[in-house]
Structures are given as structure tokens and as C-alpha cells.
Amino acid sequence: MGEMEDLSVVECARCPDLAECRSRIVNGVGPADADLLFVGEGPGANEDDQGEPFVGRSGTVLDDALRTAGLARADVRITNCVRCRPPENRDPRAAELANCREYLDREIDAVDPTVIVTLGKVPSEHLLERDVGVTGEAGDTFDTEIAGETRTVMVSVHPAATLYDRSQEATFEGTIQRAADLTGAGGQSTLGSF
Ligand code: URA
């Protein structure tokens with residue numbers, strides 16, 4: 001089995017409610033040695049349908065910000081805290097986050113990214129294990145122990161936030177640019193500070 005397959009969960013019934021409702025398990029995508037790892041909350045309807053994280057409107061926002069920072073989607077790895085769509089798009093429950101944590105930790109350990117960007121409140125609080133104000137802390141980095149190592153986590157607003165609050169666009173793009181700069185990937189910032 002190749003390294004990519006090792007990071008994919010093929011069958012899981014740890015969360016009976018999610019296993020019953022999902023169309024499929026949505027695993028992470030992108031290079032298994034990516035410098036940048038994006039972690040979202042969990043699959044929505046589009047992701048559940050297509051089997052790939054961030055393929056709906058949020059995905060378009062993410063792809064656009066990556067392009068602005070001189071990166072392509074194929075350059076980065078993208079995954080979620082939970083791999084099965086919570087019904088009605090509710091937040092994943094604490095038990096569901098805990099059940100899926102082993103898969104996320106395994107992925108983080110294998111990819112060993114330079115920076116982990118947490119997209120929104122749920123993944124930020126899950127990985128930093130504290131309350132996070134994502135708008136105020138967007139673009140800030142924190143060293144925290146994950147999967148047995150000290151890792152750099154950069155907080156971000158969720159890309160969907162830019163769809164209902166245009167003022168979050170600059171915050172989101174600035175965060176992605178800052179993450180690209182930290183990895184030495186992508187182009188020079190043209191965005192200035194935010
Ligand atoms: N929102 C998320 O948090 N994850 C996805 O995969 C899509 C939308």
C-alpha cells in the first residue's frame with residue numbers, strides 16, 4: 001500500500017450517527033509531504049457528494065486565496081477534523097471529534113507540515129485545545145504539541161466567512177499569504193498588513 005492510501009480511512013463506524021448519514025468518507029487530499037496542511041471542520045454536502053474536502057463555495061474561496069498567494073491547490077494538503085458529514089451541517093460533536101482524532105493525528109504525523117492552518121473556529125479550538133477568537137487571532141501562529149511533536153498552527157477564519165462578511169476577505173487572504181511566506185512557497189506578498 002502506498003503512503004497516500006495509508007492516510008485514507010476506508011471503513012469506519014466509530015460515529016454511528018455519521019456513518020448512517022454519510023455518502024462516503026472524505027479523506028484528505030494533496031501531497032503526503034506538503035509544507036502546508038489546511039484543516040477544516042468537516043465535510044459539507046458538496047464534499048460528501050464528491051469525496052474531497054473543500055470543493056464547494058468555501059473551496060473556491062480557498063483556491064482563489066491560494067492562487068493570490070502564488071500557490072495551487074495541488075501544492076497543499078487539505079483535510080478535516082471529521083471525515084464524515086454531520087447531518088444538517090451541524091457542528092461535529094465532541095465525541096465525533098475525539099473519534100476521528102486518531103486519523104487526523106496520523107495524517108499530521110505522516111505529512112509533518114511546516115505550518116498547519118486551521119480554517120475556522122472548530123479546527124482552531126480542536127488543535128489548540130482552548131477557546132479561540134478566529135477573527136482576532138487570524139494569521140497568528142502558535143506552537144503546540146500535536147501527535148507527539150511541537151507543531152506550528154496558524155489560525156484562520158473559515159473561508160465561508162468571507163461569503164457573508166466581505167471585510168473578512170482581506171483577513172483570509174492575508175492569512176493564506178502569511179502561511180505561504182512561512183513555508184517559503186508561493187509568491188511575494190502584495191497584500192500588505194491586515
Ligand atoms: N467546510 C469545511 O470545514 N470543510 C470542508 O471540507 C468544506 C467546508
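A quick note: this is a predicted structure, and the numbers were derived from the prediction, not measured. Heads up: numbering here begins at 1 and tracks the sequence.
Contact between Leu104 and Cys81 at its shortest, heavy atoms only, is CD2-CA, 4.3 Å. Of all heavy-atom pairs spanning Glu47 and Val26, the tightest one is O-CG2, 3.4 Å. The two residues Pro159 and Thr162 come nearest to each other via the heavy atoms O-OG1, 2.7 Å. Scanning both residues, Pro43 and Pro86, for their nearest heavy atoms gives O-CD, 3.7 Å. Nearest approach of Gly28 to Pro53, heavy atoms of both residues: CA-CG, 4.2 Å. Closest non-hydrogen pair, Ala19 versus Ala13, comes out as CB-CA, 4.3 Å.
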Original post:
Checking side-chain contact (heavy atoms from CB on, under 4.5 Å) for the pair Leu62/Asp64: CA distance, chi angles, key distance, verdict?
Top reply: CA-CA 5 Å; Leu62 176 60; Asp64 288 349; over 6 Å; no
**OP:** In sequence, state the C-alpha distance, the side-chain angles, and the governing distance for Val76 and Leu37, and then conclude on side-chain contact (heavy atoms from CB on, under 4.5 Å).
**Re:** CA-CA 6 Å; Val76 304; Leu37 172 68; over 6 Å; no
**OP:** Test salt bridge (charged side-chain N to carboxylate O under 4.0 Å, His left out) on Arg83 and Glu107 and set out the steps.
**Re:** CA-CA 12 Å; Arg83 295 178 189 231; Glu107 188 166 19; 2.7 Å; yes
Original post:
Passes side-chain contact (heavy atoms from CB on, under 4.5 Å), Val157 versus Asp165? Steps please.
Top reply: CA-CA 11 Å; Val157 298; Asp165 178 359; over 6 Å; no
Original post:
Going through the checks in order, is the side-chain contact (heavy atoms from CB on, under 4.5 Å) test met by Arg77 and Leu7?
Top reply: CA-CA 12 Å; Arg77 192 162 179 97; Leu7 300 182; 3.7 Å; yes
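A search for salt bridge (charged side-chain N to carboxylate O under 4.0 Å, His left out) contacts involving Asp63 returns Arg73, not counting sequence neighbours. In this structure Glu169 satisfies the salt bridge (charged side-chain N to carboxylate O under 4.0 Å, His left out) test together with Arg166, sequence neighbours excluded. When the side chain to side chain donor-acceptor pair (under 3.5 Å) test is applied to Asp48, the partners found at least two apart in sequence or on another chain are Ser23. Among residues two or more places apart in sequence or in another chain, the side-chain contact (heavy atoms from CB on, under 4.5 Å) test is passed with Asp49 by none. The salt bridge (charged side-chain N to carboxylate O under 4.0 Å, His left out) test applied to Arg85 returns no partner, not counting sequence neighbours. With sequence neighbours left out, the salt bridge (charged side-chain N to carboxylate O under 4.0 Å, His left out) criterion links Asp105 to Arg101. Taking the side-chain contact (heavy atoms from CB on, under 4.5 Å) definition, one finds that Arg14 meets it with Cys12, Asn99, Glu102, Tyr103, sequence neighbours left out.
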Counting only pairs under 3.5 Å, give me each side-chain donor-acceptor contact of residues 110-117, with atom names and distances, residues two or more places apart or in other chains.
from	atom 1	to	atom 2	distance (Å)
Asp112	OD1	Arg151	NH1	2.9

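Look at Asp181 and Arg178 and you find no salt bridge, because none of the NZ, NE, NH1 or NH2 atoms lies under 4.0 Å from a carboxylate O. By the 4.0 Å N-to-carboxylate-O rule, Glu11 lies close enough to Arg22 to be salt-bridged with it. At a threshold of 4.0 Å, the pair Glu96-Arg90 counts as salt-bridged, since one of the basic side-chain nitrogens sits closer than that to a carboxylate oxygen.
Residue pairs meeting the salt bridge (charged side-chain N to carboxylate O under 4.0 Å, His left out) criterion with at least one partner in residues 120-132, sequence neighbours excluded, are Lys121-Glu125, Arg130-Glu137. Sorted by first and then second residue, the ring-ring contact (aromatic ring centres under 6.0 Å, His included) pairs with a member in residues 49-88 read Phe54-His158; sequence neighbours excluded. Sequence neighbours left out, not one pair with a member in residues 68-89 passes ring-ring contact (aromatic ring centres under 6.0 Å, His included).
Atoms SG and CD1, from Cys100 and Ile25 in turn, are 8.5 Å apart once rounded to the nearest 0.5 Å. Rounded to the nearest 0.5 angstrom, Asn80 CG and Leu119 CG are separated by 8.5 Å. Taken to the nearest 0.5 Å, the CZ atom of Phe142 stands 9.0 Å off from the OG atom of Ser124. One distance of note links CG of Leu163 with OG1 of Thr60; it measures 8.5 Å at 0.5 Å rounding. Summarising the geometry, atom CG belonging to Leu36 is positioned 6.5 Å from atom CG belonging to Leu71; distances are rounded to the nearest 0.5 Å. Here Cys21 contributes atom SG and Glu88 contributes atom CD; the two are 8.5 Å apart, rounded to the nearest 0.5 Å.
When each of Leu127, Thr118, Thr141 is tested with Val155 by the rule side-chain contact (heavy atoms from CB on, under 4.5 Å), just one qualifies, namely Thr118.
Apart from Val82 itself, the hydrophobic cluster it occupies contains Leu97, Val122, where clustering links Ile, Leu, Val, Met, Phe, Trp and Tyr at side-chain heavy-atom distances under 4.5 Å.
There is a path of hydrophobic side-chain contacts, each under 4.5 Å, that joins Ile176 to Val132.
Between the Asn46 side chain and the Val55 main chain, no donor and acceptor come within less than 3.5 Å of each other.
Side-chain atoms of Thr150 and Asp143 form no donor-acceptor pair, as typed in the model, at a separation below 3.5 Å.
No side-chain heavy atom of Asp17 sits less than 4.5 Å from a side-chain heavy atom of Cys15.
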